[in-house]
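First up is the structure itself, then whatever we jot down about it.
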Amino acid sequence: MNLEKRIGEKILGNNSNKVHLNQLAIILGTNCNLKCPHCLGGNPNKMQIEEEYIDALTDCISGIDELSFFGYETTLYIDKIHMVFEKLINANIKINRFSIFTNAVSFSEKLVDLIKLYQGYVKKPERVMLHFSDDSFHYNDRFTQEECFNNIQKYIDVFGDSCQYSIQKFDKDTHLVIQGRAKELSSKQTAAIPKIMIPINNKNYFKNR
């Protein structure tokens, strides 16, 4: 069975009509500018989204309420985000809004340009959202929490009220999520890692901190 048919049956079931998706979340790839011990990110060759998967989707859907892009670090996949948008636009698929997650290790002019470009396409540009990570695993002598917040503020200075913002807070001393390379650690090494909590609600706006 070809890819288009498999994806179509997964989305549509026995109904041949196109559907409107409440949300489409796309993991762009596993490349990251960080290599946190609890995460499987950082490998540029492990996985990345391919055009054939987006082509297969466009045959099945008529619109998307929220289109979300995840990394492991999205700023390393600007070309892939352009590819997804262009294929959806060419297929005349309507998008209400989109959101992009970043660890804010750097301030990306390419990301700024991309957001400004596609805000002009979506129906609800004022609801486009940038999600940032405040993660204790990210901070070290080369990248600090202060630098992260400075980069977040730069994005806010550029977009102002034309975007929405959220910050994903990871708290210490709660529990540890074991995945990726962390599975290879010994119990002693695992115990030494600061514990984090995946937040249930990450819609804490940075502006209101």
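Contact between Ile49 and Lys80 at its shortest, heavy atoms only, is O-NZ, 3.0 Å. Between Lys18 and Ile61, the closest heavy-atom pair is CD-O, 3.6 Å. The minimum heavy-atom distance between Gly71 and Ile27, with the atom names listed, is O-CG2, 3.1 Å. Of all heavy-atom pairs between Thr58 and Ala91, the closest is CB-CB, 3.9 Å. Minimum interatomic distance between Asn151 and Ala104 (heavy atoms only, all atoms of both residues): ND2-O, 2.9 Å. Between Leu24 and Leu21, the shortest heavy-atom contact is CB-CD1, 4.2 Å.
Here the straight-line distance linking atom CG of Asp134 with atom CZ of Phe149 works out to 4.0 Å at 0.5 Å rounding. Atom CD1 of Ile64 is separated from atom CD1 of Ile26 by 7.0 Å, given to the nearest 0.5 angstrom. Atom-to-atom distance recorded for Leu28:CG and Ile100:CD1 is 8.5 Å, nearest 0.5 angstrom. The structure places CD of Gln145 at 10.5 Å from CG of Asp135, a figure rounded to the nearest 0.5 Å. Residue Ile167 holds its CD1 atom at 12.0 Å from CG of Leu130, rounded to the nearest 0.5 Å. For the atom pair CZ of Phe98 and CG of Leu88, the computed distance is 12.0 Å after rounding to the nearest 0.5 Å.
A salt bridge (Lys or Arg N to Asp or Glu O under 4.0 Å) check over residues 88-102, counting only residues at least two apart or in different chains, returns the pairs Asp65-Arg97, Glu66-Arg97. Pairs engaging residues 22-33 under the salt bridge (Lys or Arg N to Asp or Glu O under 4.0 Å) rule: none recorded [sequence neighbours left out].
Other residues, nucleotides and ligands contribute at most 12 non-hydrogen atoms within 6.0 Å of the CD atom of Glu146.
For the ring-ring contact (aromatic ring centres under 6.0 Å, His included) test, residues two or more places apart in sequence or in another chain that qualify with Phe70 are Phe101. Evaluation of the side-chain contact (heavy atoms from CB on, under 4.5 Å) rule for Tyr121 yields Ile89, Ile95 as partners, not counting sequence neighbours. Remark: Lys116 engages Val112, Val158, Phe159 in a side-chain contact (heavy atoms from CB on, under 4.5 Å) (not counting sequence neighbours). Every residue two or more places apart in sequence or in another chain was checked for a side-chain hydrogen bond (donor to acceptor under 3.5 Å, both in side chains) with Glu109, and none qualifies. For Tyr118, the side-chain hydrogen bond (donor to acceptor under 3.5 Å, both in side chains) partners at least two apart in sequence or on another chain are His82, Glu86. Considering only residues two or more places apart in sequence or on other chains, Asn90 meets the side-chain hydrogen bond (donor to acceptor under 3.5 Å, both in side chains) condition with none of them. The side-chain hydrogen bond (donor to acceptor under 3.5 Å, both in side chains) test applied to Glu147 returns Thr144, not counting sequence neighbours.
Remark: the backbone N or O of Asn31 is paired with a side-chain donor or acceptor of Tyr77 at under 3.5 angstrom. Judged by distance alone, with hydrogens and angles left aside, the side-chain atoms of Ser106 form no donor-acceptor pair with the main-chain N or O of Ser108 at under 3.5 Å.
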Side chain to side chain contact (heavy atoms under 4.5 Å, CB included) assessment of Thr75 paired with Lys110
CA-CA 8 Å; Thr75 58; Lys110 289 183 177 180; over 6 Å; no

Evaluate Tyr155 against Ile115 for side chain to side chain contact (heavy atoms under 4.5 Å, CB included), listing each step before the verdict.
CA-CA 11 Å; Tyr155 284 111; Ile115 291 171; 5.9 Å; no

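By the 30° and 60° cut-offs, the orientation of the rings of Phe69 relative to Phe85 is tilted.
Taking 4.5 Å as the limit, every side-chain heavy atom of Cys148 sits out of range of all side-chain heavy atoms of His138.
Ser99 and Ser68 form a side-chain donor-acceptor contact under 3.5 Å, judged by distance and modelled atom types alone. Side chains of Ser62 and His20: no donor on one and acceptor on the other come within 3.5 Å.
Among Asn33, Asn103, Thr30, the one residue that satisfies the side-chain hydrogen bond (donor to acceptor under 3.5 Å, both in side chains) test with Glu73 is Asn103.
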Hey, can you pull the donor-acceptor pairs under 3.5 Å for the side chains in residues 122-129, sequence neighbours left out?
none

